[in-house]
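The block underneath contains the structure these notes are about, expressed in structure tokens.
In each ligand, atom 1 is the first atom listed, and ligand 1 is the first ligand listed. Everything numeric in this text was worked out from a predicted model, so none of it was measured.
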Amino acid sequence: MVDLAMNIPPQPANRALAEHIKAGISEVLTRHDAESVSCYHHPVLESAALQAARTWLGPMLDAMGQSQVLMCAGTQGAIFNLLQAHTRRGDAVLCDPLTYPGFMRAARALGLKIIGVPADASGMLPDALERSCRDTGARLLYLNPTIQNPTALTMPAARRQDIAAVLRQLDVTLVEDDPYRHLLNDAPPPISTYTSGERSYYLASLSKCLLPSLRAAYVVAPSGQATATLLESFAATSMGCSALLAALVQTWIVNGTAKSLLGEVQLEARSRQALTRSFLPDSIQAHPSGIHLWLPLPPQWRPAAFSHALEDVGVRIAATHAFGVENELPSGVRISVGGARSHAELSAALQKIQTLLGKNQIASSSMVV
Ligand SMILES: Cc1ncc(COP(=O)(O)O)c(C=O)c1O
């Protein structure tokens with residue numbers, strides 16, 4: 001089975017990852033004694049890791065205004081904690097019509113109503129957002145505006161400004177989840193820079209540009225009581241992030257490894273995206289250095305049938321229904337290019353996708369049982 005369903009960064013082609021990890025851990029243990037990195041909390045390590053956020057996030061941090069930076073064990077948990085801190089069971093929360101499944105999982109676990117707001121090729125429509133806020137009483141919007149999961153679209157700066165204007169006008173909280181930003185060299189400013197941080201939480205995961213197993217993300221949060229509540233919620237669910245991994249993140253950012261590893265991931269993502277374009281139709285939506293793409297399906301295929309038929313020939317992908325919050329959803333599948341172990345494996349899987357696209361829908365065995 002080739003897994004093109006998990007959105008993970010590809011291993012750098014130069015196979016340097018093991019060396020980076022070995023050298024990073026060794027540097028951590030040279031600078032800090034084993035006791036410091038093996039405890040639950042270490043104030044000095046924590047503040048060094050937070051200091052490194054200035055280097056990683058750069059000038060956009062200042063542009064977010066009255067904010068403070070926190071660190072947590074990945075954005076998935078932070079999304080859950082934020083929803084818990086800002087909503088009550090039965091509340092409506094807004095998002096794109098196709099959205100990150102982990103957001104839906106967290107919202108469902110908390111008994112929230114998930115409402116998809118209409119979007120076009122530039123992302124969520126500001127008028128529709130305003131209408132949805134008024135109609136549903138929703139006070140929280142979740143967006144992933146850069147190389148969106150799953151559509152791979154990036155919201156342009158002008159639309160970001162218009163969305164921020166609606167949020168400011170209606171005093172709605174934004175959870176801006178931006179894990180793919182660093183894969184682009186020219187991403188538009190975060191929406192949170194236009195809201196000046198007052199009602200925005202900006203989530204910067206390191207999973208998609210470095211390693212998912214770092215379980216580390218920065219959260220840029222408004223100062224004040226809301227953030228104190230969030231910190232309590234982090235403590236209640238995960239006790240914060242691992243001191244050892246936080247020290248590794250800080251070391252990598254400060255000594256430049258994070259930047260070079262990111263460059264290697266981008267390079268490999270670029271060459272895999274080029275490979276996909278040689279197999280798949282022009283209708284795919286993708287960023288040249290993204291780690292996933294969206295493939296709209298031809299009319300003869302329903303997404304579930306397509307993914308089942310593909311699984312029967314050994315390729316796993318993710319279909320519309322994993323991302324959808326409405327009944328009438330665009331028909332498509334998300335293909336993640338990072339999971340294949342080599343270009344040869346990716347090519348073989350893409351060949352199977354290409355072949356299936358040319359066929360008519362068949363009832364696969366997994367659909368019949
Ligand atoms: C949009 C989005 N947010 C968050 C995550 C999970 O991030 P983390 O590994 O930091 O929990 C993913 C993983 O696929 C994602 O696509």
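- For atom 16 (O) of ligand 1, the closest non-hydrogen atom on the protein side is Tyr180 OH, 2.6 Å.
- Within the model, atoms CG of Leu350 and CZ of Arg277 stand 12.0 Å from one another, a figure rounded to the nearest 0.5 Å.
- When hydrogens are left out, the protein atom nearest atom 6 (C) of ligand 1 is Tyr100 OH, 3.2 Å; that is the closest non-hydrogen contact.
- At the shortest separation from atom 7 (O) of ligand 1 among protein heavy atoms lies Thr75 OG1, 2.9 Å.
- Aromatic pair Tyr180/His287: centroids not less than 6.0 angstrom apart.
- In this structure, Val2 is a member of the same hydrophobic cluster as Ile353, with clusters built from ILVMFWY side-chain heavy atoms closer than 4.5 Å.
- Looking only at heavy atoms of the protein, atom 14 (O) of ligand 1 is closest to Lys208 NZ, 2.5 Å.
- Of the protein's heavy atoms, Asp177 OD2, 3.3 Å lies nearest to atom 2 (C) of ligand 1.
- In Tyr142, the part holding a heavy atom less than 4.0 Å from any atom of ligand 1 is the side chain.
- Residue contact check: Asn144 has heavy atoms under 4.0 Å from atoms 1 (C) of ligand 1.
- For the residue pair Gln266 and His182, no side-chain donor N or O sits within less than 3.5 Å of a side-chain acceptor on the partner.
- Shown in contact with Gly74 at under 4.0 Å from a heavy atom are these atoms of ligand 1, numbered in order with element: 10 (O), 11 (O).
- Protein heavy atom closest to atom 9 (O) of ligand 1, with residue, atom name and distance, is Ser207 OG, 2.6 Å.
- Residue Asn149 approaches ligand 1 through these ligand atoms, each under 4.0 Å from one of its heavy atoms: 15 (C), 16 (O).
- Contact annotation: for Pro179 versus ligand 1, heavy atoms closer than 4.0 Å belong to the side chain alone.
- Here is the list of ligand 1 atoms found below 4.0 Å of a heavy atom in Arg215: 8 (P), 9 (O), 11 (O).
- One side chain, Ser233 or Gln84, offers a donor N or O that lies under 3.5 Å from an acceptor on the other.
- A donor-acceptor contact under 3.5 angstrom links the side chains of Thr195 and Ser200, judged on distance only.
- Side-chain contact, Asn81 with Thr237: a donor N or O sits under 3.5 Å from an acceptor N or O.
- With hydrogens and angles left out, the side-chain atoms of Gln148 and Thr151 include a donor and acceptor closer than 3.5 Å.
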